[in-house]
Amino acid sequence: MKKEVKQKAHIFRNTAFMLKCAWKSAPLSLITIYLAYILENVYYSVVISVMFLQTALSIIEGNGTFKEFAIRMCIIVFGKVFVDLFAYIDMYTVRTKFEIKCESYINSLIFKKAQEVELGCYENPDFFDNYNRATWVVEKGGFKRIIEGSAWTIGSVVSIIFLVAYLISIDPFLLFFIICPIIVIGISAKKNNVELEKEKAMTPFERQKDYTKRTILLKDFAKEIKTTGIFEVVKKRFNNAVEKNIEVIKKYGWRIALLETLADFFGEIIPVCGGFGYGCYRLIVLQNLEIADFSVLISAITTTRNKLNQLARYFAMQQKHCLWVQNLRDFLDYEPKLTDNGIEPGEFESLEFRNVSFRYDGNSKNTLSNISFKINKGDTFAVVGHNGAGKTTLSKLIMRLYDVTEGEILYNGINIKEYDLLKYRDKFASVFQDYRIFAMTVAENVLIREVDDENIQLARKALGQSGVYDKIQTLPEKENTLLTREFDNQGALLSGGESQKVTIARLFAKDFDVAILDEPSSALDPVAESRMYDALMEGTKGKTVFYISHRLSSATRSDKILVFSKGRLIETGSHDELMALEGEYCEMFTLQASGYREEADGNE
């Protein structure tokens, strides 16, 4: 019982939340929608079903004049024209704009929260389940149904009040038969809870199915799928997800069917059989009911019963959609773990790691353990090590995409947690190894903001510095060419190396204090890599730079090298110092140098 009360409370709170969103998006449209539903409900349920029928039967029985009938008919006809005109204006002009505005407003709330949450959320399956459920309000039209449902409910309640008042005027005992459909509301609420449990149980399997469909269709996976046996593994997981969903449906299906049967009994059988039977008893046995009153009574009971049953169904649907809204509100109420004290960072002077350790959520072992070093303004650091050594994690900690598990990171001697997060990150320019090209123009991909006549020159200069300007000039619209074919079949498809140079151009287009380059040459050959590092050295003069790579071309150009192995900082020094040490770095460098020589000999 307590659970049902709690769920009903959600309906009112969440409906109020959606109405608040709708009011902020389009207040006049919201008022128009409510008026349209109220007018339509009252007209068809009261004016047509009761007033018109009573007038007609009174004329037949000789209890009224034709003039009275004509006046009422005029009222009905003009009322019909007015209600229809208002409804069509609402449907074809008001409601379409209203839906677009509401959808835009709710999406803006979702996008804003998605931008605020920490990177770790994107590596948490529960977060994606919550995110998916939060988007149902828009994707499944939940907000539209909630607004329309609440408007229809108000209109129905107004019309039911008129109908009940009429029935009481005939016989108060008739209330018994129209109360029964109200029980359906409670049954429907229970059924809705069961359906929600079913949907939650199916969510992870639906995500697995969606992932399989995306994997099969995206070109990023096409080569591996066509040239390996992975398709059978993917297909097996898809089939397994389908089987799991069938098990969920079997588990909850019989309960839903039973509740539907109970709802039909209280919503259909008792009101119809009971109400009609009682009316016949008064008409035939007691003979204290006129035929006109009997006919109108039957019509009023039928209309009231239909309204209450519809109200119960709307209430059930409203509950379901409001539980979607609850998912949205839970998502919007999530408090990011990365907090700050709003201090504005000054010009960069130093960055220091003090005994920093870090582990990802759910991991028992540290990814980084007891890391300490300091970098000063103008220094160039190379962070090297084999794959899995913790190099990329280091860059994420510097950018404060995660907070350290132990120790602290100091920017100008102050813990980075004290600084305004966005302003702190703005001090850095970064190129990540898992770079992404957006389905936007070349210039927008470089500037990562709106492009205008003033900053287009900055984009061109940055493209030149990154070494891809000549290629861009061969495209149909040059730097205004749309990249990828997501939205345009004529969009440009760049090679991996060209795409990486476009992302490197982002660094040259930004005013920054510290550059973090995580595997910036991963898609380049040795010659292009050397040219890129020459351009980077020239473009970052006087700046502080982190080169993060398992390829050591950048190490020889750096002031200091940090060598990582299995999450630990094992060696620190210049290239010459580390070569003389004959440790891990010396071995790595010697092996890579011999590989480059063999490649050069092979090319000759």
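All figures in this text were calculated on a predicted structure; none of them were measured in a lab. Scope of the values below: all heavy atoms of this structure, side chains included, with no hydrogens, waters or symmetry mates.
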Side chain Glu571, main chain Leu578, donor-acceptor under 3.5 Å = no

Could Lys101 and Glu99 be called an ion pair, given the rule that one side-chain N must be under 4.0 Å from one carboxylate O?
-> no

When rounded to the nearest 0.5 angstrom, what distance separates CD in Glu206 from CG in Asn245?
-> 4.5 Å

Candidates Phe373, Phe358, Tyr411 - the one meeting ring pair (Phe, Tyr, Trp, His ring centres under 6.0 Å) with Phe353 = Phe373

Is it the case that Asp379 and Thr544 place a side-chain donor and acceptor less than 3.5 Å from each other?
-> no

Side-chain H-bond candidate by donor/acceptor type, Gln500 with Thr503, under 3.5 Å = no

For atom NZ of Lys566, decide whether the heavy atoms of other residues, nucleotides or ligands shown that lie under 6.0 angstrom number more than 12.
-> no

Can you spot which of Asp518, Leu562, Leu368, Val383 makes a side chain to side chain contact (heavy atoms under 4.5 Å, CB included) with Lys391?
-> Val383

Output yes when a side-chain donor or acceptor of Ser574 lies under 3.5 Å from a complementary backbone atom of Glu577, and no otherwise.
-> yes

So do the side chains of Leu517 and Ile548 get within less than 4.5 Å of each other, counting heavy atoms only?
-> no

Do you know which two heavy atoms are closest between Asn412 and Glu349, and how far apart they sit?
-> OD1-N, 2.7 Å

Separation between OG (Ser395) and OH (Tyr547), nearest 0.5 Å, reads 15.0 Å

With distance as the sole criterion, is a donor-acceptor pair present between the side chains of Tyr402 and Thr393 under 3.5 Å?
-> no

Side-chain touch Asn14/Met18, heavy atoms, less than 4.5 angstrom | no

Could you tell me whether the side chain of Asn415 and the main chain of Lys417 form a donor-acceptor pair under 3.5 Å?
-> yes

Ala555 and Ala382 have their tightest heavy-atom pair at CA-CB, 3.7 Å

So does Lys209 have more than 12 non-hydrogen atoms from other groups sitting under 6.0 Å from NZ?
-> yes

Phe98 versus Leu30: any side-chain heavy-atom pair under 4.5 Å?
-> yes

Please step through side chain to side chain donor-acceptor pair (under 3.5 Å) for the pair Ser372 and Asn355, ending with a clear verdict.
-> CA-CA 5 Å; Ser372 296; Asn355 305 316; 3.3 Å; yes

Show your working on side chain to side chain contact (heavy atoms under 4.5 Å, CB included) between Val431 and Ile516 and close with a plain yes or no.
-> CA-CA 6 Å; Val431 177; Ile516 299 177; over 6 Å; no

Please answer whether the main-chain N or O of Glu450 pairs with a side-chain N or O of Asn455 as donor and acceptor at a distance below 3.5 Å.
-> yes

Closest heavy-atom contact between Ile375 and Val545?
-> CD1-O, 4.2 Å

To the nearest 0.5 Å, what is the distance between OH (Tyr585) and OG (Ser565)?
-> 15.5 Å

Find out whether Tyr424 and Arg400 are in side-chain contact, i.e. whether some heavy atom of one side chain is under 4.5 Å from a heavy atom of the other.
-> yes

Okay, side chain of Arg506, backbone of Asn445: is any donor-acceptor separation there less than 3.5 Å?
-> yes

Can you list the steps and then say if Glu498 with Ile472 is a side chain to side chain contact (heavy atoms under 4.5 Å, CB included)?
-> CA-CA 9 Å; Glu498 291 163 347; Ile472 299 304; over 6 Å; no

Taking only residues two or more places apart in sequence or in another chain, which ones pass side-chain contact (heavy atoms from CB on, under 4.5 Å) with Arg359?
-> Asn366, Thr405, Glu406

Contact check, side chains of Arg207 and Met202, non-hydrogen atoms, under 4.5 Å | no

Give a yes or no on this: more than 12 heavy atoms of other residues, nucleotides or ligands lie within 6.0 Å of atom NZ of Lys461.
-> no

Backbone N or O of Lys423 within a donor-acceptor pair of the Asp420 side chain at under 3.5 Å?
-> yes

Of all heavy-atom pairs linking Glu408 and Val356, the shortest is O-CG2, 3.3 Å

Taking atom CD of Gln208 and atom CG of Asn239, what is their separation to the nearest 0.5 Å?
-> 11.0 Å

Sub-4.5 Å side-chain heavy-atom contact between Phe428 and Asp513 | no

Heavy-atom closest pair, residues Cys21 and Ser25 | O-OG, 2.8 Å

Within-4.5 Å side-chain heavy-atom neighbours: Leu483 and Val442 = yes

Quick one: do Leu397 and Ile409 satisfy side chain to side chain contact (heavy atoms under 4.5 Å, CB included)? Show the steps, please.
-> CA-CA 8 Å; Leu397 293 179; Ile409 304 174; 3.9 Å; yes

Any chance you could measure Thr212, atom OG1, to Arg237, atom CZ, to the nearest 0.5 Å?
-> 8.5 Å

More than 12 heavy atoms of other residues, nucleotides or ligands under 6.0 Å from NZ of Lys478: is that the case?
-> no

In terms of ring plane angle, is the pair Phe546 and Phe381 parallel, tilted or perpendicular, where the classes change at 30° and 60°?
-> tilted

Can you tell me if CG on Asp361 sees more than 12 non-hydrogen neighbours from other groups inside 6.0 Å?
-> no

Closest non-hydrogen contact found for Ala443 with Ile456 is CB-CD1, 3.7 Å

Side chains of Lys560 and Thr572: does their closest heavy-atom pair fall under 4.5 Å?
-> yes

Is the number of heavy atoms from other residues, nucleotides or ligands under 6.0 Å of Asp511 CG greater than 12?
-> no

Evaluate the criterion side chain to side chain contact (heavy atoms under 4.5 Å, CB included) for residue pair Arg329 and Phe17; output intermediate values, then yes/no.
-> CA-CA 9 Å; Arg329 293 181 65 194; Phe17 173 80; 3.8 Å; yes

Heavy-atom count around Arg425 CZ within 6.0 Å, excluding the residue itself: above 12?
-> yes

Please answer whether the main-chain N or O of Ile343 pairs with a side-chain N or O of Asn341 as donor and acceptor at a distance below 3.5 Å.
-> no

Is there a donor-acceptor contact under 3.5 Å from the side chain of Asn240 to the main chain of Lys236?
-> no

Are the aromatic rings of His575 and Phe589 close, with centres under 6.0 Å apart?
-> yes

